[in-house]
Each structure stands twice: as structure tokens, then as C-alpha cells.
*Asks:* 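Mind looking over this structure? Questions follow.
Just so you know, these numbers use all the heavy atoms, side chains as well, and skip hydrogens, waters and symmetry mates. Note on naming: letters A, B, ... go to the chains in the order of the sequence lines (proteins, then strands), and numbering restarts at 1 for each one.
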Amino acid sequence: MTVYQRKSETGNNLKVRPANESYLIINLFLAGVILLIFAYSGFFSPDEDKYPVTCIHEKITGEPCVSCGLSHSFSLIVRGRVAEAYKWNIYGMRIFLFFALQLVLRAAFSIFYMKYRNTRKQLIVIDCIGSGIIFIVAFRQFIVYIISGILS
Amino acid sequence: MGIAALITAIITFVLAVIPCVGLIAIIPGIIAIVLASVGLSQASRRNAPRGVLVAGLIIGILASLISLSQLFVAGKIAKSADKWPDGIQNIINDVQDNVIKDLEDANISIKVESNGDKVEITSNPEKENREKTLENLEGGNKEKNDSVPKKK
């Protein structure tokens with residue numbers, strides 16, 4: 001594990017181990033989960049259509065939901081077939097970009113966290129607010145779908 | 001414990017918003033709540049920091065609620081889908097009633113020809129009159145064999 005040298009407020013050098021930092025561990029795990037999603041999309045071929053995850057919503061209601069075809073769409077995006085991906089799920093690209101952006105942000109925020117000790121709290125706050133806004137923008141249609149389903 | 005709870009809660013939250021897999025999210029949601037609760041009870045004994053645990057608990061509860069709402073939405077849609085056969089049945093019943101009513105109000109004329117004999121029965125539009133006519137006919141020809149004679 002890499003050990004980073006940092007100076008404490010009193011001026012003493014302190015060893016910063018990423019393993020002891022909750023924020024870094026969470027970032028690492030989330031990045032791992034996102035990479036797993038991309039691996040899942042890359043592993044299953046959109047032409048064979050043998051995805052293990054099926055829509056439970058469709059099984060119950062008998063009607064396709066707003067997120068149906070998302071796995072197919074992701075697989076196509078990973079293979080560069082973006083135009084086809086839009087046909088499977090119109091929001092697929094947006095969700096995919098959210099995960100891709102989160103992967104970059106996890107790496108970037110982790111680096112900033114280790115480098116700039118004095119701004120750690122602000123960094124976490126910015127991360128929470130920023131990720132929250134990006135999440136709402138990316139998943140807006142799904143959230144609207146759920147809310148409209150409850151209200152109707 | 002707190003990190004595990006928070007990571008599970010975040011993953012659950014993302015899953016819960018996707019309608020296809022939103023219902024499954026209740027399982028990791030419960031796990032996140034249990035982990036955060038156990039962690040909080042341990043932290044209270046040791047006077048350890050609780051920030052991550054509280055965040056995990058809040059996000060876990062929120063994600064579980066969203067997941068439960070998915071069940072509610074799916075149930076609503078399934079219920080409305082179940083109403084379709086009832087609607088079709090109602091339409092069939094209406095058509096059947098209309099046909100019967102039309103037949104009751106219709107002028108019915110029956111002509112029977114046998115060995116040069118002609119019998120003509122004309123019914124009035126009203127059902128009662130038709131019944132009366134039928135009764136008269138039956139009463140007047142009780143002893144008469146009205147069956148068609150077999151050809152030798």
C-alpha cells in the first residue's frame with residue numbers, strides 16, 4: 001500500500017495510509033462496482049441476448065418499464081454501437097455517461113483527497129452535492145416514472 | 001462496519017431508482033440498515049465517530065423506501081392491467097344485452113310449409129304478446145301432432 005507523507009497542523013510529518021481513510025475505501029469500492037458494470041456490459045453480447053438480469057417490473061405488470069433494454073444498451077455502447085444503443089433504451093447513454101463520469105470522479109477526488117489535506121471536508125461536501133446533482137440529472141426520467149406511478 | 005453500510009446503501013440507492021431491478025434493491029437495503037444499526041450500537045458503546053454510520057443508515061432507509069415504492073407502482077400497474085379483461089367482459093355483456101333487447105322488440109314471422117299446408121305465425125313486438133300468442137297456439141293444438149311426418 002502506498003504511504004503518503006503529510007504534515008500535521010503542528011508541522012510533524014504524518015503517514016497517510018489509504019487503508020485507514022474511509023473516503024478512499026468507499027471511492028475504491030464504488031469504482032470497483034462501476035468497473036464490474038462495464039465488465040458485465042462487455043461480457044454479455046447484445047447479439048446473443050443472454051442477459052441474466054431480467055426486468056422484474058415487466059414480469060409483474062406484463063408491461064415494459066422505462067429502464068427495459070438498459071443492459072442491451074450498455075453492451076452496445078461498450079462496443080461503440082451508439083446509434084443502436086439509443087434504440088434499445090433512449091436513456092441508456094445518459095446512465096452510461098453517469099457511471100463513466102463517476103469512475104473518473106472517484107479517481108480524481110481520491111487524488112485530491114490525498115494531495116490536499118486542508119480541504120478534505122470541503123472536498124467531500126462538493127463530492128456529495130455534485131454527485132447528487134449528476135445522479136438526479138442522469139436518472140431524472142426514472143425518478144419521474146416512479147413518482148408518477150405513485151401519484152397516479 | 002460503517003463503510004460497508006454506506007457502500008451497500010449507495011449501491012442500493014442506485015439500484016432502487018432503476019425500475020427493472022428496483023424491487024431487488026430491498027435486500028441490500030435491509031442489509032445496509034442492519035449493518036448501520038449494528039455499527040451505531042457498537043459505536044455508542046465505544047464512543048466512536050458515527051458520521052459514516054448515520055449516512056449509511058439514512059441512505060439505506062431512503063433506498064429501501066424507494067424500492068418499496070417500486071413494489072407499490074408495479075402493483076398499481078398490474079392491477080390496472082387486470083382491469084382490462086373485466087372491461088372486455090363488460091363490453092361483451094352490453095352487446096349481449098342489446099342483442100337480446102333488439103330480439104325482444106323485433107317483429108318475428110315464422111312460416112311453416114308441410115304437404116301443402118301453410119302455417120304462419122306473426123309475433124307482435126312486445127314480448128308479452130308473443131308469449132300470449134305462443135300459449136294460444138300451444139293451447140289450441142294440444143292434441144294435434146305437430147311433428148313433421150317421416151317420408152316413406
Side-chain angles (χ1 to χ4, degrees), chain A residues 19-34 36-37 51-72 89 91-92 95 98-99 102 106 121 124 128 131-132 135-136 138-152, chain B residues 1-28 31-32 35-36 39 43 48-56 58-60 62-85:
Chain A
N20 296 334
E21 300 288 342
S22 307
Y23 182 72
L24 294 177
I25 297 166
I26 291 165
N27 275 354
L28 194 71
F29 265 94
L30 292 179
V33 170
I34 293 165
L36 276 175
I37 293 167
Y51 295 97
V53 180
T54 51
C55 182
I56 300 161
H57 194 276
E58 194 179 6
K59 276 185 180 175
I60 294 170
T61 61
E63 289 175 27
C65 68
V66 73
S67 62
C68 277
L70 207 61
S71 303
H72 220 113
N89 192 306
Y91 311 114
I95 307 295
F98 166 78
F99 285 121
Q102 278 301 317
R106 290 314 100 215
K121 277 190 177 177
I124 292 170
C128 291
S131 295
F135 177 82
I136 291 166
F139 287 86
R140 192 180 68 238
Q141 297 300 330
F142 294 179
I143 295 164
V144 168
Y145 179 80
I146 295 165
I147 293 168
S148 62
I150 295 164
L151 296 176
S152 64
Chain B
M1 193 81 84
I3 294 167
L6 188 58
I7 290 167
T8 317
I10 292 168
I11 294 166
T12 308
F13 194 83
V14 175
L15 281 178
V17 178
I18 301 170
C20 275
V21 287
L23 290 169
I24 312 170
I26 191 78
I27 300 161
I31 293 168
L35 281 172
R50 302 175 200 176
V52 178
L53 287 161
V54 171
I58 292 166
I59 297 170
L62 207 64
S64 300
L65 285 174
I66 294 168
S67 184
L68 278 173
S69 75
Q70 295 267 23
L71 190 73
F72 180 69
V73 171
K76 251 186 174 181
I77 294 168
K79 207 176 174 184
S80 67
D82 281 344
K83 281 177 187 169
W84 287 11

*Asks:* Which bit of B:Ala55 is near chain A, if near means a heavy-atom gap under 4.5 Å: side chain, backbone, both or neither?
*Replies:*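 It is neither, since no heavy atom gets under 4.5 Å.
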
*Asks:* Please report the closest heavy-atom contact between A:Ile25 and B:Ile7, naming both atoms and the distance.
*Replies:* O-CD1, 4.4 Å

*Asks:* How close do A:Ile146 and B:Ser69 get, counting heavy atoms only, and between which atoms?
*Replies:*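 Answer, listing the atom of A:Ile146 first, then B:Ser69: CG2-OG, 3.6 Å.
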
*Asks:* Counting only non-hydrogen atoms closer than 4.5 Å, does A:Phe135 touch chain B with its backbone (N, CA, C, O), its side chain (CB onward), both, or neither?
*Replies:*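 Just the side chain, heavy atoms under 4.5 Å.
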
*Asks:* Contact part of A:Cys68 toward chain B, heavy-atom cut-off under 4.5 Å: side chain, backbone, both or neither?
*Replies:* both

*Asks:* Could you tell me which portion of A:Leu30 (side chain, backbone, both or neither) has an atom closer than 4.5 angstrom to a non-hydrogen atom of chain B?
*Replies:*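 Contact with chain B involves the side chain of A:Leu30 alone.
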
*Asks:* For residues B:Val14 and A:Phe139, report the shortest heavy-atom separation together with the two atoms involved.
*Replies:* CG1-CZ, 4.0 Å

*Asks:* Under a 4.5 Å heavy-atom cut-off, does chain B meet the side chain of A:Leu28, its backbone, both or neither?
*Replies:* neither

*Asks:* Specify which of B:Ile3, B:Ile18, B:Val17 makes the most heavy-atom pairs with chain A at under 4.5 Å.
*Replies:* B:Val17

*Asks:* Among A:Pro64, A:Gly149, A:Ser67, A:Ser71, single out the residue with the greatest number of heavy-atom pairs under 4.5 Å to chain B.
*Replies:*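 Looking at each option in turn, the highest pair count goes to A:Ser67.
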
*Asks:* At a heavy-atom separation under 4.5 Å, does A:Tyr91 approach chain B through its side chain, its backbone, both, or neither?
*Replies:*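 Contact with chain B: none, neither part.
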
*Asks:* So do A:Phe29 and B:Ile11 actually touch side chain to side chain, heavy atoms under 4.5 Å?
*Replies:* no

